[in-house]
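Single-structure report; data block below.
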There are 2 protein chains.
Amino acid sequence: MIAKAATENTSGVTDPRLDALVTEIIGRVADKWTMLVLEELEAESPLRFTRLLERVDGVSQKMLTQTLRHMERDGLLTRKVYAVVPPKVEYALTPLGRGLGEAFCGVWRWAERHFEEIGAARRAFDDGRDR
Amino acid sequence: MIAKAATENTSGVTDPRLDALVTEIIGRVADKWTMLVLEELEAESPLRFTRLLERVDGVSQKMLTQTLRHMERDGLLTRKVYAVVPPKVEYALTPLGRGLGEAFCGVWRWAERHFEEIGAARRAFDDGRDR
DNA sequence: TTCTATACTTACCAAAAAGAGAGTGAAGAT
DNA sequence: ATCTTCACTCTCTTTTTGGTAAGTATAGAA
């Protein structure tokens with residue numbers, strides 16, 4: 001097994017707690033809005049709340065706030081509040097966040113390289129279903 | 001921007017349709033059960049339905065069936081039905097599925113390398129919230 | 001004849017996630 | 001005096017998700 005290999009200790013047994021933790025982190029981090037916010041902040045950083053709202057296509061205020069809070073909590077980005085009126089808040093990636101962006105790059109590129117293949121597979125599957 | 005770079009054409013503009021498609025594929029593929037099934041099939045392939053049910057911790061029959069169907073439709077795995085009684089069905093990764101597993105490997109390793117950092121960030125964040 | 005094994009499908013229900021929309025607060029412009 | 005801006009927060013409703021449990025089909029064992 002490729003993915004799991006790195007969690008194995010010398011006896012070849014994976015630690016279920018580490019496994020669960022990593023799975024939890026991946027589950028958290030591999031979500032739609034997190035990925036899209038990550039992408040926008042990789043392109044330009046820092047960005048203000050409203051800028052992100054405009055750029056992350058389809059995100060609601062609520063989901064953006066929630067996503068940003070989670071990412072802040074996980075140390076993926078920093079939130080800088082300026083004590084001005086109207087309020088101004090800037091979000092910027094941390095090195096940790098940038099690292100995640102790079103790791104995701106592999107999946108992104110896989111999807112780019114294979115989306116035609118996936119499309120074909122889907123058409124073939126749906127075709128077979130009908131008949 | 002790192003991740004998005006590969007979708008840019010010569011004018012430096014990303015195609016929104018390709019973007020949306022890739023985002024959709026990633027959203028589909030980056031789900032908890034898909035990742036865990038991928039992992040089990042990377043470790044051993046082919047596997048029967050009941051084997052997977054036992055190995056993928058916490059998955060229900062319904063979710064496993066659903067996940068396997070989605071993955072089959074996307075061309076990530078093959079489903080081989082034997083005309084015997086009681087039924088026998090074997091699932092195996094396709095090269096496409098194996099490629100995805102490898103791509104995810106980067107994220108998996110990122111999570112492994114940084115889970116302590118994330119834990120520390122969370123504790124710091126939660127600490128600040130209380131006071 | 002009844003039981004078991006296998007790989008599902010279907011129906012129902014509860015819980016969780018997400019969307020919509022209104023409300024907030026205070027400085028500065030009109 | 002009213003309006004606008006920004007970054008939310010809060011409530012209400014709808015949608016989606018996922019779990020549970022029952023049903024199905026059939027060959028061979030007991």
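Per chain, numbering begins at 1; letters A, B, ... match sequence-line order. Keep in mind it's a predicted model, so treat the numbers as computed, not measured.
Between the CG atom of A:L52 and the C1' atom of D:dC6 there is a distance of 14 Å, given to the nearest Å. At whole-Å resolution of the value, CZ in A:F49 and C1' in D:dT9 are 11 Å apart. Atoms CD (A:E72) and P (D:dA7) sit 15 Å apart, rounded to a whole Å. Distance CG (B:L53) to P (D:dG19): 11 Å, rounded to an integer number of Å. Between the CZ atom of B:R51 and the C1' atom of C:dT6 there is a distance of 10 Å, given to the nearest Å. In this structure, CD of A:E54 is placed 9 Å from P of D:dC6, rounded to the nearest angstrom. Between B:L47 atom CG and C:dA7 atom P the separation is 11 Å, expressed in whole Å. Atom OH in A:Y82 sits roughly 22 Å away from atom P in D:dT5 (whole-Å rounding).
With sequence neighbours excluded, no residue satisfies ring-ring contact (aromatic ring centres under 6.0 Å, His included) with B:W33. Residues passing the ring-ring contact (aromatic ring centres under 6.0 Å, His included) test with B:H70: none are found, sequence neighbours excluded.
Under the side-chain hydrogen bond (donor to acceptor under 3.5 Å, both in side chains) criterion, the residue pairs touching residues 55-64 of chain B are B:E44-B:R55, with sequence neighbours excluded.
With respect to the salt-bridge test (charged N to carboxylate O, under 4.0 angstrom), the residues A:R109 and A:E112 do not qualify. Under 4.0 Å is where a charged nitrogen must lie from a carboxylate oxygen, and between B:K80 and B:E72 no such pair does.
Panel note: side chain B:T67, backbone B:T34; no donor-acceptor pair is recorded below 3.5 Å.
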Exercise. Apply side-chain contact (heavy atoms from CB on, under 4.5 Å) to the pair B:V29 and B:L76, showing each step before the final yes or no.
Key: CA-CA 10 Å; B:V29 126; B:L76 301 176; 4.1 Å; yes
Quiz prompt | Watson-Crick and G-U pairing of DNA chain D, under 3.5 Å, as dot-bracket with | and [ ] | solution = ||||||||||||||||||||||||||||||
Using atom types as modelled, flag every donor-acceptor pair under 3.5 Å from a side chain in residues 84-91 of chain B to any protein atom, sequence neighbours excluded.
unit_1 : atom_1 : unit_2 : atom_2 : d
B:E90  : OE1    : B:Y82  : OH     : 3.0
B:Y91  : OH     : B:R79  : NE     : 3.2

Quiz item: What string of B, S and - do you get for nucleotides 17-27 of chain C 5' to 3' if you count protein non-hydrogen atoms under 4.0 Å?
Solution: -BBB----BBB
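Across all strands shown, B:Y91 has heavy atoms under 4.0 Å from sugar-phosphate atoms exclusively, and none from any base.
OP1 or OP2 of C:dA7 has not a single side-chain nitrogen or oxygen of B:R69 nearer than 4.0 Å. Applying the 4.0 Å criterion to OP1 and OP2 of C:dA7, one finds that B:R48 has a side-chain N or O inside that range.
Separating the CD1 atom in A:I25 from the CD1 atom in B:I118 is a distance of 4.0 Å, to the nearest 0.5 Å.
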